[in-house]
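Keep in mind it's a predicted model, so treat the numbers as computed, not measured. For the numbers below, each heavy atom of this structure counts, side chains included, while hydrogens, waters and symmetry mates do not.
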Protein chains: 2
Amino acid sequence: MTEKFPEIRNLALFHDISTQSFETLTRAAYVQTYPPSTELITEGDAPDFLYVVQAGAVELFANWAHRETSMWTVWPQSTFILAATVKNRPYLMSGRTLCKSRVVLLPSADVRNVFETDGAFAKAIVTELANGYRGAIKNSKNLKLRSSLERLANYLLTCYRQCDKAPRFLLEAQKSRLASNLGMTPENLSRALNGLKKYGVAVDGQSVELTDIKALTDFAQPSLLIDDDTPFF
Amino acid sequence: MTEKFPEIRNLALFHDISTQSFETLTRAAYVQTYPPSTELITEGDAPDFLYVVQAGAVELFANWAHRETSMWTVWPQSTFILAATVKNRPYLMSGRTLCKSRVVLLPSADVRNVFETDGAFAKAIVTELANGYRGAIKNSKNLKLRSSLERLANYLLTCYRQCDKAPRFLLEAQKSRLASNLGMTPENLSRALNGLKKYGVAVDGQSVELTDIKALTDFAQPSLLIDDDTPFF
DNA sequence: CGCTATGTTGATCCATATCAATAAGTGTGG
DNA sequence: CCACACTTATTGATATGGATCAACATAGCG
């Protein structure tokens, strides 16, 4: 039979599960397209759905005491808030669309059911969670061990590596959001970009050019044990 | 037959797995008692073992560029570095005994084998990883959204809740390590404890007394979405 | 007892936040 | 096509949280 949602069938999370499991998961699922700046989930809410971003982008952020910080951005063909879903615990982060986005919503009760019955699904979830967990640890290390200038330098080098080492690339997002992701203010980001000029960082609008990778690398001291394979964006 | 390691059999991670799986896991496992300040694992190393702390305590910490930060402490009847083990990726943290400690070492290859074949084990791993993941997210929020004074105040309130709301309790560990866990220097912790006097925090050595829970709570604004059920220690 | 660890206090410095003003886009409607 | 508003980024001035360096105190401990 033809399965619904063939696009997400190929995600690592769903690739190896049985047809029946996939059927169960997607039976009550639906696809929705949201305009920009739509809040999809709010921290503290019960996890009604597991989300899969198919197109667009979703920013995960958190609030406390009238402060807000951006945690990271989910790009297409990734899920988010898997941990809350399987544990059936409140979301720890809120999520809003950055641009018009198409999203699949899978009822979390179904996710937990299939998780209980389909070993392949449990295994895929382990992989996904372990990756996320390690990413979160790396993020804490980044925050605790580095200054904001060092975090920025390493972020730029991560982008550089992501672009197949092209010395020129575009910043993926608004600078204010980048600043929040890196744990600094927009003003500080602006000054920090200037401060990296001496290591061959030239910025013009969204465009970044790294003219002295060696100098920047010497300064940034990137580490496989901190710098994620994927940047925030 | 009598199983080896009956103590760890009751851990959530091993409780529901088959006898055969448990046998496989523990066949090549061994128990070791280490003196204080022994480095058990070093970040960057391949994950040869999954560790279970049976007695004592193990501090997980991380280094970068000659800096060091304490991430958290593992207390008895818990495992550590599960994510590295199942993903077969390098440890992201180092671990050292804080005091004389008894530790079980389970060869990670066996852990991954059983994970592949025993669905109950995969499910238990999911629970463990999801908890750890959410804890790490909370940690990042704590660091990014709060000042060091606020982190300390919330830490004290977490201890208070852990002690069944006894207004008097002992700090679990060396203050310098507490400071590192909270992302601050020992000097700053010392001053911060003084700064909390006005909210009824009285410290004498390791002993803490909270004389005005309401004032401290008003200041700290604890949140279920940040403050873990378990403190670092 | 000293000796060494650990914690405290004081003085100072620095990174980063905050507040305020300006500039540079970006889109809208006339 | 331009004027205008509105958002976002930059720059400057200043404030402050927290780090650093140094001296001293205290507490375990051999």
_Residues A/E39 and A/R96 bridged, charged N to O under 4.0 Å_ = no

*Does A/L92 offer a backbone N or O that forms a donor-acceptor pair with the side chain of B/K141 under 3.5 Å?*
yes

*Would you please name every residue forming a ring pair (Phe, Tyr, Trp, His ring centres under 6.0 Å) with A/Y51, sequence neighbours left out?*
A/F80

_Flag, side chain of B/N181 to backbone of B/R177, donor-acceptor distance under 3.5 Å_ = yes

*Note the angle between the end axes of the helix from C/dT6-D/dA25 to C/dG30-D/dC1, five pairs defining each, rounded to 10 degrees.*
30°

*Base-contact (B) and sugar-phosphate-only (S) positions in nucleotides 17-30 of chain D, heavy-atom cut-off under 4.0 Å, - elsewhere*: -SSBB---------

*Within this structure, what is the CZ-to-C1' distance between B/R177 and C/dG7, rounded to whole angstrom?*
15 Å

*Across all strands shown, which nucleotide pairs with D/dC29 by Watson-Crick or G-U wobble geometry, both distances under 3.5 Å?*
C/dG2

_A side-chain contact here means heavy atoms from C-beta on lying under 4.5 Å apart; do A/E150 and B/W64 qualify?_
yes

*Just by modelled atom types, is the A/P35 backbone N or O under 3.5 Å from a matching donor or acceptor in the A/T97 side chain?*
yes

*Report the glycosidic orientation of C/dA24: syn if within 90° of 0, anti in every other case.*
anti

*Please name all residues satisfying ring pair (Phe, Tyr, Trp, His ring centres under 6.0 Å) with A/F49, sequence neighbours left out, ordered by chain then number.*
A/Y30

*Give the rounded distance in Å between these two atoms: CG of A/L171 and C1' of D/dT10.*
15 Å

*Starting from P on C/dT16, measure out to CG on A/L152 and report it in whole angstrom.*
11 Å

*For atom CG of B/L145 and atom P of C/dT16, their distance in whole Å*: 18 Å

Atom pairs and distances, donor-acceptor, side-chain atoms in residues 190-204 of chain B, under 3.5 Å, two or more places apart:
residue: B/N194; atom: OD1; partner: B/K197; partner atom: NZ; Å: 3.0

_Backbone N/O of B/S70 and side chain of A/K144: donor-acceptor pair under 3.5 Å_ = yes

*Determine, for A/Y34 and A/R102, whether the Lys NZ or Arg CZ falls below 6.0 Å from the six-membered ring centre while staying within 45 degrees of the axis.*
no

*So, A/R146 side chain and A/R151 main chain: donor-acceptor pair closer than 3.5 Å or not?*
no

*Distance in angstrom units between A/K175 NZ and D/dT7 C1', rounded*: 14 Å

_Can you measure B/K144 atom NZ to C/dT16 atom C1' for me and round it to whole angstrom units?_
15 Å

*Nucleic acid contacts - residues 192-206 of chain A versus DNA chain D, non-hydrogen atoms under 4.0 Å*: A/N194

